[in-house]
2 protein chains.
Amino acid sequence: MDELDAAILRSLQSDARRSNRDVAAEVGVAPSTALERTRLLRDRGVIRGSTLEVDLAAVGRPVQALIAIRVRPPSRRAIEAFRDWVQALPETIGLFVVSGAEDFLVHVAVADNEALYAFVIDRLTQRPEVADVRTSVVYEHLRRPPRIEATDR
Amino acid sequence: MDELDAAILRSLQSDARRSNRDVAAEVGVAPSTALERTRLLRDRGVIRGSTLEVDLAAVGRPVQALIAIRVRPPSRRAIEAFRDWVQALPETIGLFVVSGAEDFLVHVAVADNEALYAFVIDRLTQRPEVADVRTSVVYEHLRRPPRIEATDR
DNA sequence: ATTGAAAGTGGTCCGGT
DNA sequence: ACCGGACCACTTTCAAT
């Protein structure tokens, strides 16, 4: 990944729908060159995809929480089974598998506090491997795309 | 937000670079209609932008962590000052302001464990308002775009 | 609010360097 | 590896419904 690749990534990171022509002009190469580089970045798996940033409140899910969960036993079987299950729930928008006092942090977005409470006491406690649950309401969630630098070549 | 808006959002959410023509065909309207709807969603702030999903390991930052931080005093002044400061650090890729035992969860991506350790003991502890720090290594981070449904009209 | 058609613009391929 | 140009697909506007 040289400086040109990095510049293309930075450009598309700030707006994935930017046209290839714009990207090319911004990084100072011909459109055909930018197109080929972008394709290679995709093929190599550096670019995994692109997604819309949607306002969660505007789509009816203004309440967010992070739910820290400890599972027992903390075996690969239990961890992976729980991960797959929770990841498929409609409330889940993110999932961290972590070291430390807890095994998971589940990021959920729901319609209101009642739905959050129901998620925790109805859904999560269904699972026998859930040993401990700690819910934190998210007041604010900011995301920052990673700053990308050339990793030489 | 009716069912058509929701369908357009779902389509672009899975691939923000999909052409307007494709989106229109998928949701069953004319391209001009899809274009107009998309523009309105953007104007209303439902669509905040679009971004590339980049493989963090491929850009040289394979190590992720969540750092739980308690600040003191937990006043608006201290919270907002810390938030703005940590949000601008190059290692930071996400930031949750939360209720509960801690005030922040900082999501960082760095080159290696050494860089993580340096971030925690050199950078964070610079700030006088940092009262407590707890670091969890992220073994796995999955993201799921929110399932979007029509909120009637 | 949605459409089809027209005009403009950008994506994509390829041959040359 | 990069570019320029040709071709064609797509975006975008607009008058009509």
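These numbers come from a predicted model, not from an experiment. Protein chains get the first letters and strands the later ones, always in sequence-line order, with residue 1 at the start of each.
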Legend entry - Minimum-distance nucleotide to B/L35 side chain [options: D/dC3, C/dT12, D/dT13]: D/dT13
Legend entry - Atom-pair distance (CD on B/E36; P on C/dG4), nearest Å: 16 Å
Inset, instruction - Please work out if A/R37 contacts a base, only the sugar-phosphate, or nothing of the nucleic acid, heavy-atom cut-off 4.0 Å. - result: sugar-phosphate
Inset, instruction - Considering only NZ, NE, NH1 and NH2 on the basic side and carboxylate oxygens on the acidic side, decide whether B/D2 and B/R37 come within less than 4.0 Å. - result: yes
Inset, instruction - Run the ring-centre check on A/F82 versus A/F104 and record whether the distance is less than 6.0 Å. - result: yes
Legend entry - Out of D/dT11, C/dC14, C/dA5, whichever nucleotide has its closest atom nearest the side chain of A/S32: C/dC14
Legend entry - Gap between atoms CZ and C1', on A/R18 and C/dG11 respectively (whole Å): 17 Å
Legend entry - Closest approach of B/S136 to A/V98 (non-hydrogen atoms, all atoms of both residues): CB-CB, 4.1 Å
Inset, instruction - From the options C/dG11, D/dC3, C/dT3, select the nucleotide whose nearest atom is closest to the side chain of B/V29. - result: C/dT3
Inset, instruction - To the nearest Å, give me how far apart CZ (A/R42) and C1' (C/dT12) are. - result: 15 Å
Legend entry - Which residue lies more 5' along DNA chain C, comparing A/R39 with A/D22 via nearest heavy atoms: A/D22
Inset, instruction - Could you tell me the separation between the CD atom of A/E3 and the P atom of D/dA1, rounded to a whole number of Å? - result: 17 Å
Legend entry - side-chain contact (heavy atoms from CB on, under 4.5 Å) partner of B/V63, chosen from B/V138, B/L56, B/V108, B/N113: B/N113
Legend entry - Atom pair distance, as rounded to whole Å: CZ in B/R21 and C1' in C/dT3: 14 Å
Legend entry - More than 12 heavy atoms of other groups within 6.0 Å of B/R18 CZ: yes
Inset, instruction - Go through C/dT12, D/dG4, D/dT12 for me and flag the one nearest to the B/P31 side chain. - result: D/dT12
Inset, instruction - Rounded off to whole Å, could you give me the CG-to-P distance for the B/N20 and D/dT11 pair? - result: 5 Å
Inset, instruction - Using a 4.0 Å heavy-atom cut-off across all strands, classify A/S19 as base, sugar-phosphate, or nothing. - result: sugar-phosphate
Inset, instruction - Measure from CG on A/L4 to C1' on D/dC2 and round the result to the nearest Å. - result: 10 Å
Inset, instruction - May I ask you to say what B/L40 touches in the nucleic acid, namely base, sugar-phosphate or nothing, with a heavy-atom cut-off under 4.0 Å? - result: nothing
